[in-house]
Amino acid sequence: MAVKKVAESFSKALADEVQRWGGMKQTGVSLRYMMEFGARPTQKNLLLSAQFLHKELPTRIARRAIELEALPFGLSDEPAVLKVRDWYLDSFRDLRTFPEIKDTSDELAFTQMIKMIKVRHNNVVPAMALGVQQLKRDMNRKVVPEELEEIHQFLDRFYLSRIGIRMLIGQHVALHDPDPEPGCIGQINTRLSPMLVAQTASEDARSICYREYGSAPEVNIYGDPNFTFPYVPSHLHLMVFELVKNSLRAVQERHMNSDKEVPPVRIIVADGIEDVTIKISDEGGGIPRSGLPKIFTYLYSTAKNPPDENYKGVSNSVTMAGYGFGLPISRLYARYFGGDLQIISMEGYDDCRMISSIQLGHGGKNTCACLQSDPSVCYFQSYSTIRADAGRTHLDEMSGLEQLGSI
């Protein structure tokens, strides 16, 4: 039983409390409501927000702690996963022992506490990735990733929940900023420039490519620099970063020994009537269609596995190696807001061209996402999609885990 396992390391009272709160119903919060509520960050509204989070966060965190105790194939017993479980239980205990929030002083203290909880969980993504690597090392070599669908489904649920928890905490904390950027309501930028995000994400990806190879292909960006729309900058940055990073790596490795000029990665930002589309294309090669499903599995990576000893203090440094989580988690960010990330290989077209496109509803329609930790109740009233044609077998090796952890 999950409760019995928890009780081995924590008190029986805490285990019972986790079980009780994990069975409670969650409350959905829409981005539209967050924008309307956050537009007036008065002391009264901040107090109401803190009181809501004081009751809501324990339920969401308890559910994840319980699930971490009952994972298949012995994943729950891997050292890195046990570390993550302890983080969730510590956070649950902090929330439940915090007294009732009655005034501004209580609210400020609570805000500092959940801010520290968010920091505590910064390394959840690389720690869980390391736990999966440990499982791959320990399990029967004959077991193939396709047979571990239960683990993939858990990780999808787990990371979708994490996105929601961090969005709720981050929004409340950001509303205390005394000097927010123009157009920003907490973490939401109501006048976000996708051109600027694409430029910043491309520069970040190129810096990693430079560090690894000593050079990086150029990235050409086309679109209206004056166009803006409401969105969460960190989410869009992560998705564009992952796609551009994969394109850079593929182009660099395909053309590094060629006498010809290295072709650039191209990004086109287009404002449609219903969608904002960001298209990324490169000439980095392709793979057979039969190999595409593997790139979204958490147990698949062609890179060298990271060292197990890192699990006690997972590195915050930028890494290229071997977790294989960047792309599937990027797809979760897209799906969390109602879209998708698809891979299409264009073999046989010149140099096996890769095309990625991000389509995001705008005109205010992208503010309806329901921030619940159960993926089955996350929805988006306007359809958005991220399509990535990433024709390569090794696109996980330039990992953006340090960026995933910061969101």
Student: In terms of heavy-atom contacts, does CD of Q43 have more than 12 from other residues, nucleotides or ligands at under 6.0 Å?
Tutor: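 12 or below, so no.
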Student: For the CE atom on M116, are there more than 12 heavy atoms of other groups (residues, nucleotides or ligands in this structure) within a distance under 6.0 Å?
Tutor: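 Counting neighbours around CE of M116, 12 or fewer heavy atoms of other residues, nucleotides or ligands fall under 6.0 Å, so no.
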Student: For a 4.5 angstrom cut-off between non-hydrogen side-chain atoms, does L95 reach I114?
Tutor: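 Side-chain contact under 4.5 Å: yes.
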Student: Taking the side chain from H172 and the backbone from L168, do they hold a donor-acceptor pair closer than 3.5 Å?
Tutor: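 A pair under 3.5 Å: no.
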Student: If you measure from the Lys or Arg side-chain nitrogens to the Asp or Glu carboxylate oxygens, is any gap between E242 and K245 under 4.0 Å?
Tutor: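 Yes, this pair counts.
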Student: Quick one, Y88 with F158, criterion ring pair (Phe, Tyr, Trp, His ring centres under 6.0 Å). Give me CA distance, side-chain angles, the key distance, then yes/no.
Tutor: CA-CA 12 Å; Y88 273 80; F158 182 80; 5.5 Å; yes
Student: Does the distance from a Lys or Arg side-chain N to an Asp or Glu carboxylate O, for R93 and D90, drop under 4.0 Å?
Tutor: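 Judged by the 4.0 Å cut-off on N to carboxylate O distance, R93 and D90 do form a salt bridge.
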Student: Let's go through V132 and L155 carefully: what are the C-alpha distance in whole Å and the side-chain angles of both, what is the deciding distance for side chain to side chain contact (heavy atoms under 4.5 Å, CB included) to 0.1 Å, and is it a yes or a no?
Tutor: CA-CA 10 Å; V132 170; L155 290 172; 4.0 Å; yes
Student: Checking Q51 side chain against I101 main chain: does a donor-acceptor pair fall under 3.5 Å?
Tutor: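 At least one qualifying donor-acceptor pair exists.
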Student: With a 4.5 Å heavy-atom cut-off, do S49 and L53 have their side chains touching?
Tutor: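 S49 vs L53: side chains touch.
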Student: Return each pair, listed once, that meets salt bridge (Lys or Arg N to Asp or Glu O under 4.0 Å) where at least one residue sits in residues 174-190; pairs must be two or more places apart or across chains.
Tutor: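 Residue pairs passing salt bridge (Lys or Arg N to Asp or Glu O under 4.0 Å), neighbours aside: none found.
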Student: Test your reading of the model: is there a side-chain donor-acceptor pair from T200 to the backbone of V197, 3.5 Å cut-off?
Tutor: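 Not at all, since once roles are kept as given, no pair shorter than 3.5 Å links the two residues.
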Student: Taking T277 for its side chain and A270 for its backbone only, find out whether a donor-acceptor pair lies under 3.5 Å.
Tutor: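 Answer holds: no.
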Student: Taking E283's backbone N and O only, do any of them form a donor-acceptor pair with H255's side chain (distance below 3.5 Å, no angle check)?
Tutor: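 Yes: the side chain of H255 pairs with the backbone of E283.
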Student: Under the criterion side chain to side chain contact (heavy atoms under 4.5 Å, CB included), I'd like the reasoning laid out for N45 against F37: C-alpha separation, chi angles, the key distance, then a yes or no.
Tutor: CA-CA 7 Å; N45 280 351; F37 186 88; 3.5 Å; yes
Student: In sequence, state the C-alpha distance, the side-chain angles, and the governing distance for R64 and E67, and then conclude on salt bridge (charged side-chain N to carboxylate O under 4.0 Å, His left out).
Tutor: CA-CA 5 Å; R64 301 287 74 81; E67 199 166 23; 3.0 Å; yes
Student: I'd like to know if the side chain of E56 and the backbone of T27 have a donor-acceptor N/O pair within less than 3.5 Å.
Tutor: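 Here the side-chain-to-backbone pair exists.
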Student: Kindly indicate, with the supporting measurements, whether the criterion salt bridge (charged side-chain N to carboxylate O under 4.0 Å, His left out) is fulfilled by R20 and D16.
Tutor: CA-CA 6 Å; R20 183 171 71 87; D16 291 342; over 6 Å; no
Student: Evaluate the criterion side chain to side chain contact (heavy atoms under 4.5 Å, CB included) for residue pair M195 and D224; output intermediate values, then yes/no.
Tutor: CA-CA 7 Å; M195 286 281 290; D224 180 2; 5.9 Å; no
Student: Between R249 and C209 (side chain of the first, backbone of the second, donor and acceptor by atom type, cut-off under 3.5 Å), is there such a pair?
Tutor: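 Checking the backbone N and O of C209 against the side chain of R249, no donor-acceptor pair under 3.5 Å is found.
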Student: Check for a donor-acceptor pair, side chain of R162 on one end and backbone N or O of V125 on the other, with a separation under 3.5 Å.
Tutor: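 No.
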Student: Could you tell me whether the side chain of K83 reaches within less than 4.5 Å of the side chain of N123, counting heavy atoms only?
Tutor: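 SC-SC contact between N123 and K83 ruled out.
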Student: Give a yes or no on whether the backbone of V173 and the side-chain of T111 come within a donor-acceptor separation of less than 3.5 Å.
Tutor: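 No.
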Student: Could you check whether any side-chain heavy atom of V219 comes within less than 4.5 Å of a side-chain heavy atom of I280, counting everything from C-beta outward?
Tutor: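 No; the side chains remain at least 4.5 Å from each other.
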Student: Let's go through S161 and R63 carefully: what are the C-alpha distance in whole Å and the side-chain angles of both, what is the deciding distance for side-chain hydrogen bond (donor to acceptor under 3.5 Å, both in side chains) to 0.1 Å, and is it a yes or a no?
Tutor: CA-CA 9 Å; S161 169; R63 289 190 175 194; over 6 Å; no
Student: Using atom types as modelled and distance alone, determine if a side-chain donor or acceptor of S76 lies under 3.5 Å from a backbone N or O of L68.
Tutor: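 It does hold such a pair.
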Student: Stepwise, does the side chain to side chain contact (heavy atoms under 4.5 Å, CB included) test hold for L75 with E78?
Tutor: CA-CA 5 Å; L75 182 57; E78 297 296 347; 4.1 Å; yes
Student: Please tell me if the side chains of V81 and M128 come closer than 4.5 Å, counting only heavy atoms from C-beta onward.
Tutor: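 V81 reaches M128 side chain to side chain.
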Student: Hey, does V262 have a side-chain heavy atom less than 4.5 Å from the side chain of M256?
Tutor: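 Sidechains of V262 and M256: no contact.
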Student: If you define the side chain from C-beta out and look only at heavy atoms, does anything of I163 sit under 4.5 Å from Y333?
Tutor: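 A side-chain contact under 4.5 Å exists here.
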